[in-house]
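Working notes for the structure below.
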Amino acid sequence: MRMRWGALMALAMLAACSRPVAEVPRIDGDRQRAEADLQLRLAAERGLAGLSAPPAMPGSADGITRLQRLHAIGARVLEANAPLCGRRLRHDLGVVPMNRSDSPFAADFLRHFENDPAVVVLADTGPAGPDRPRPGDRLLAVDGEPVPTGRDTLPQVQALLKRAAATGRPVVLSLRRDDAPLELRLTPRLRCDYDVLLDRAGMVNAFADGRSVRFTTGMVDFAGDDELGLIFGHELGHNAMEHMDKREENARAGSTLGAVLDLLTGAEHLGGYWADVARGAYGRDFEAEADYVGAYYAARAGFDVAAAAGVWRRLGAANPRTITMSTSHPTNPARFVALESAAREIDAKRRTGAELRPEIRLR
């Protein structure tokens with residue numbers, strides 16, 4: 001009887017759960033198996049060569065260079081996809097402030113600035129020039145309002161810049177460059193409203209939490225620019241498709257159904273168990289959806305999706321378990337083949353002049 005209730009519970013839970021809505025292309029099984037064989041061969045060759053750590057891209061650097069690169073790539077993706085981010089939009093100056101005490105990545109770069117905030121990263125899709133802030137410019141005021149200085153003031157500086165840009169009207173930044181005062185008038189750009197964050201960690205990974213997109217230094221070192229654009233698109237896909245909210249909705253549905261099962265069977269504390277099960281429902285499908293819509297987001301920002309798909313081969317060679325094991329994510333061969341299909345779909349739309357929008361089912 002309990003097994004019957006459990007089966008009925010699982011069916012009811014799946015029916016109640018939020019699920020992906022994108023028309024993700026079907027994967028050809030033969031193509032996936034051939035790709036898995038190739039990735040296993042690449043992993044074996046890597047093992048025979050005595051390589052263990054994931055290889056860094058040529059020119060990998062510390063601190064400020066990593067931040068500049070990640071913010072520049074993130075800005076391209078966030079701006080190009082503003083039409084697809086619904087109400088999660090904000091006007092952004094493309095300027096990221098940092099100071100010595102609150103910004104560990106920039107400590108060495110900023111040692112001569114004491115505790116004054118300084119503009120050290122320019123995250124902007126426009127060309128650099130004399131009318132744009134430069135890394136190392138000292139930020140003094142925003143629309144005439146002095147920036148706060150000292151320890152633990154960076155969040156206040158960030159809030160000041162966001163507040164000034166919110167209206168979309170031009171903003172005047174007062175700076176000091178090479179000991180000379182300078183005023184620049186910047187027009188904010190409309191972008192998806194998600195923060196870009198970098199964690200100092202050697203693991204090759206990236207995350208989304210519904211409010212931000214977060215990369216590790218290991219991922220920034222591992223991936224080329226097209227690959228970073230693709231992965232950024234994937235994480236933006238999680239946010240834009242509201243995967244975190246859907247997982248929590250599913251957990252609440254599972255908890256409710258578990259409580260009902262408690263009453264029907266006389267069992268106890270099944271709500272928590274079914275909440276966990278429901279939270280993981282459609283987990284791999286959400287990842288596949290993020291891959292699919294993320295390919296469009298990267299393509300709209302000008303990144304080469306077909307070339308970037310090779311990141312799954314490199315990741316598979318560095319971690320062979322991802323070639324055959326599928327837990328919360330699809331296997332790397334499945335992801336590579338799916339991205340091949342997405343790239344073909346995108347190219348077909350380009351040839352016909354169609355807008356680059358992922359195919360979404362009507363709810």
Side-chain angles (χ1 to χ4, degrees), residues 59-79 90-126 128-166 171-184 186 188-189 191 193-201 206-207 209 211-221 228 232:
S60 297
D62 277 337
I64 191 65
T65 304
R66 285 167 166 158
L67 280 166
Q68 289 170 325
R69 181 170 172 240
L70 178 59
H71 277 285
I73 287 172
R76 285 175 60 182
V77 179
L78 293 172
E79 185 169 326
R90 74 177 181 222
H91 286 95
D92 197 306
L93 291 172
V95 175
V96 181
M98 290 199 162
N99 62 16
R100 184 181 181 186
S101 63
D102 299 338
S103 308
F105 282 107
D108 292 339
F109 184 85
L110 292 170
R111 60 185 179 277
H112 57 290
F113 284 104
E114 299 176 352
N115 279 335
D116 292 339
V119 176
V120 296
V121 176
L122 175 60
D124 192 90
T125 53
D131 58 343
R132 295 294 312 179
R134 298 177 186 171
D137 284 351
R138 190 188 300 238
L139 179 60
L140 303 177
V142 179
D143 274 344
E145 182 175 346
V147 300
T149 60
R151 187 174 296 276
D152 300 325
T153 58
L154 186 60
Q156 300 172 47
V157 180
Q158 293 167 332
L160 175 60
L161 287 165
K162 286 184 179 180
R163 193 164 59 247
V171 175
V172 175
L173 296 187
S174 300
L175 308 165
R176 182 170 293 277
R177 179 183 298 169
D178 299 328
D179 294 325
L182 175 68
E183 284 198 348
L184 296 178
L186 306 182
R189 297 172 179 268
R191 292 178 176 157
D193 185 14
Y194 299 104
D195 292 332
V196 180
L197 304 173
L198 180 64
D199 289 341
R200 192 189 298 274
F207 313 89
D209 61 8
R211 299 178 302 277
S212 64
V213 173
R214 185 183 297 269
F215 278 67
T216 64
T217 51
M219 177 61 84
V220 174
D221 289 345
L228 275 184
F232 197 101

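These numbers were taken from a predicted model, which means no experiment stands behind them.
- Rounding to the nearest 0.5 Å gives a distance of 11.0 Å between CG of Leu93 and CG of Leu184.
- Remark: Arg90 CZ to Arg191 CZ distance equals 9.0 Å, nearest 0.5 Å.
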Using side-chain contact (heavy atoms from CB on, under 4.5 Å), reason through Phe215 and Phe207 one step at a time and then give a plain yes or no.
CA-CA 6 Å; Phe215 278 67; Phe207 313 89; over 6 Å; no
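- Summarising the geometry, atom OG1 belonging to Thr216 is positioned 10.0 Å from atom CG belonging to Leu70; distances are rounded to the nearest 0.5 Å.
- Within the 4.5 Å cutoff, the side chain of Leu154 has heavy atoms near those of the Pro97 side chain.
- Note on Lys162 versus Asp195: salt bridge recorded, some NZ/NE/NH1/NH2 to OD/OE distance being below 4.0 Å.
- Between Ala201 and Thr217, the shortest heavy-atom distance links the atoms O-OG1, 2.9 Å.
- Looking at heavy atoms from C-beta onward, Leu160 lies in side-chain contact with Glu145 at the 4.5 angstrom threshold.
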I would like to know whether Arg163 and Val142 meet side-chain contact (heavy atoms from CB on, under 4.5 Å); could you show each step before the answer?
CA-CA 10 Å; Arg163 193 164 59 247; Val142 179; over 6 Å; no
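- Under the 4.0 Å criterion applied to side-chain N and carboxylate O atoms, Asp199 and Arg214 are assigned as salt-bridge partners.
- Contact detail for Ala165 and His91: the closest heavy-atom pair is O-CB, 3.0 Å.
- Taking CZ from Arg69 and OG1 from Thr65, the interatomic distance works out to 10.5 Å, rounded to the nearest 0.5 Å.
- The residue from Val147, Val96, Asp92, Leu173 that alone fulfils the side-chain contact (heavy atoms from CB on, under 4.5 Å) condition with Leu161 is Leu173.
- Closest of all the heavy-atom pairs between Thr153 and Pro148 is OG1-O, 3.8 Å.
- To the nearest 0.5 angstrom, Arg176 atom CZ is 6.0 Å from Leu140 atom CG.
- Counting heavy atoms from C-beta outward, Leu175 and Pro181 have side chains that stay 4.5 Å or more apart.
- No side-chain heavy atom of Leu197 sits less than 4.5 Å from a side-chain heavy atom of Val213.
- Checked by atom type and distance alone, the side chain of Asp137 pairs as donor or acceptor with a backbone atom of Arg134 at under 3.5 Å.
- Distance CZ/Arg66 to CZ/Arg200: 7.0 Å, rounded to 0.5 Å.
- Salt-bridge check for Asp193 with Arg211: failed, with every basic side-chain N at 4.0 Å or more from each acidic carboxylate O.
- Partners of Asp143 by salt bridge (charged side-chain N to carboxylate O under 4.0 Å, His left out), not counting sequence neighbours: none found.
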